[in-house]
Amino acid sequence: MEKKNLDWSNLGFGYRQTEQRYVSNYKDGAWDNGALTEDATIVLNECAGVLQYAQTCFEGLKAYTTQDNRIVVFRPDLNEQRMHDSCLRLEIPALPKGRFVEAVKQVVKANEAYVPPYGSGATLYIRPYIFGTNPVIGVKPADEYQFRIFCTPVGPYFKGGAKPLTIKVSDFDRAAPHGTGHIKAGLNYAMSLYPIVTAHEEGYDENMYLDPATRTKVEETGGANFIFVTKDNKVVTPKSDSILPSITRRSLMIVAQKYLGLEVEEREVLFEEVKDFAECGLCGTAAVISPVGKIVNHGEELCFSSGMEKMGTITQKLYDTLTGIQMGRLEAPEGWIVEI
Ligand SMILES: *Cc1c(COP(=O)(O)O)cnc(C)c1O
């Protein structure tokens with residue numbers, strides 16, 4: 001198989017159309033068998049459920065070329081489970097068990113020429129999503145749905161090294177208690193656009209959302225979970241029912257404990273404590289970990305001792321170990337790496 005002639009190391013994080021995508025439709029109470037197609041266009045009725053009441057959820061994962069030239073995906077079973085949970089909460093019919101992972105494999109296989117080579121820093125980003133397709137005007141779940149997966153090659157998240165981010169404590173809330181913060185729904189992103197555009201205009205990279213009920217506890221950013229490192233090297237991550245359970249964050253906590261021998265804690269984190277942490281990072285599939293250098297709360301600056309130049313020591317170790325596992329340089333825990 002010949003790779004596409006792309007400038008892999010200089011790709012951005014954007015959509016680039018590839019050849020094949022997967023489509024499956026739900027109608028008359030059942031999902032069809034699904035198939036690959038070259039058609040990248042969706043034609044919908046003007047009153048489709050997704051267009052009126054935002055009945056849609058999505059996932060995001062990556063395929064990598066390992067050091068020994070295998071193409072692998074990272075823990076796709078967890079994306080399958082999370083999409084299942086998102087569907088239940090949004091009254092979207094669940095996919096048959098195993099279908100998600102099977103479809104991911106088909107799409108990656110069919111677009112093998114777009115999987116960036118080992119060492120380029122680039123990866124193949126995979127985007128599964130489901131949405132209501134039939135006309136819905138009275139507020140109720142749709143009767144028909146489409147499940148799609150496309151993929152697009154994306155460049156290295158950090159070109160020329162990871163520069164620590166500056167984060168703003170947002171005056172907006174992300175997810176209500178007992179709301180939809182724990183599922184990967186498009187609606188959680190639509191409402192985060194105004195806060196993030198505003199934050200960018202003010203010179204910040206991201207928003208930190210606090211718990212809406214008390215505004216005293218750290219939740220997450222618009223699209224990444226927090227991890228903190230204490231001065232005595234304990235890895236701490238906030239626990240809350242309205243945080244999206246990041247697969248990267250859950251994996252990093254295991255890496256911290258099992259590979260680096262560090263103590264880990266998932267617990268409520270008061271904003272008040274943040275000033276006492278030594279390091280801070282944001283975790284998600286896109287960047288694995290982005291270091292945070294500074295958090296600004298209405299003009300009051302909290303600066304991490306790791307500084308604004310590079311990742312903190314523990315953050316760097318977590319990053320190196322998890323990417324080492326993903327790229328096949330380090331032995332992976334059972335089931336983490338699925339070969340295509
Ligand atoms: C997708 C997402 C994350 C990161 O999850 P990963 O599984 O690590 O990619 C974190 N927060 C939110 C709100 C998300 O939507």
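In each ligand, atom 1 is the first atom listed, and ligand 1 is the first ligand listed. Here the structure is a predicted model, which means the values were calculated and not measured. Numbers here simply count residues along the sequence, with the first being 1. Values below: every heavy atom of this structure, side chains too, minus hydrogens, waters and symmetry copies.
Phe58 and Tyr189 have perpendicular rings, their planes meeting at more than 60° on a 0 to 90° scale where under 30° would count as parallel. In this structure, Phe228 and Phe304 have tilted ring planes: the angle between them lies in the 30° to 60° band.
Note: no N/O pair closer than 3.5 Å links Cys283 and ligand 1 by distance alone. Geometrically, ligand 1 and Arg249 share no nitrogen or oxygen pair separated by less than 3.5 Å. Remark: ligand 1 and Thr221 share no N or O pair separated by less than 3.5 Å (distance only, no angle test).
What sits closest to atom 3 (C) of ligand 1 on the protein, heavy atoms only, is Gly223 O, 3.4 Å. Looking only at protein heavy atoms, the nearest one to atom 2 (C) of ligand 1 is Lys184 NZ, 2.6 Å. Looking from atom 11 (N) of ligand 1 to the surrounding protein, the closest heavy atom is Glu220 OE1, 2.6 Å. Here the heavy atom of the protein found nearest to atom 9 (O) of ligand 1 is Thr285 OG1, 2.6 Å.
By the neighbour-count criterion of 12 heavy atoms within 6.0 Å, atom CD of Glu331 is sparsely surrounded, having that number or fewer from other residues, nucleotides or ligands. The number of heavy atoms from other shown groups lying within 6.0 Å of NZ (Lys239) does not exceed 12.
Shown are Thr248, Ile243, Val218; of these, the side-chain contact (heavy atoms from CB on, under 4.5 Å) with Asn225 is made only by Ile243.
Without hydrogens or angle criteria, Gln146 side chain to Val23 main chain gives no donor-acceptor distance under 3.5 Å.
If you number the atoms of ligand 1 from 1 as listed, the ones under 4.0 Å from a heavy atom of Tyr189 come out as 2 (C), 12 (C), 13 (C), 14 (C), 15 (O). Listed by number with element, the atoms of ligand 1 under 4.0 angstrom from any heavy atom of Gly222 are 13 (C). Set against the non-hydrogen atoms of Asn225, the atoms of ligand 1 under 4.0 Å away are 10 (C), 11 (N). Atoms of ligand 1 lying under 4.0 Å from any heavy atom of Arg82, numbered from 1 in the order shown and given with element: 5 (O), 6 (P), 7 (O).
Remark: Lys168 engages Glu202 in a salt bridge, criterion side-chain N to carboxylate O under 4.0 Å.
Under 3.5 Å, the side chains of Gln81 and Asp77 contain no donor-acceptor pair of N or O atoms.
Only the backbone of Ala224 comes within contact range of ligand 1, with a heavy atom under 4.0 Å; no side-chain atom does. Under 4.0 Å from ligand 1, the heavy atoms of Arg174 that appear belong solely to its side chain.
In summary, the aromatic rings of Phe131 and Tyr129 are positioned with their centroids under 6.0 Å apart.
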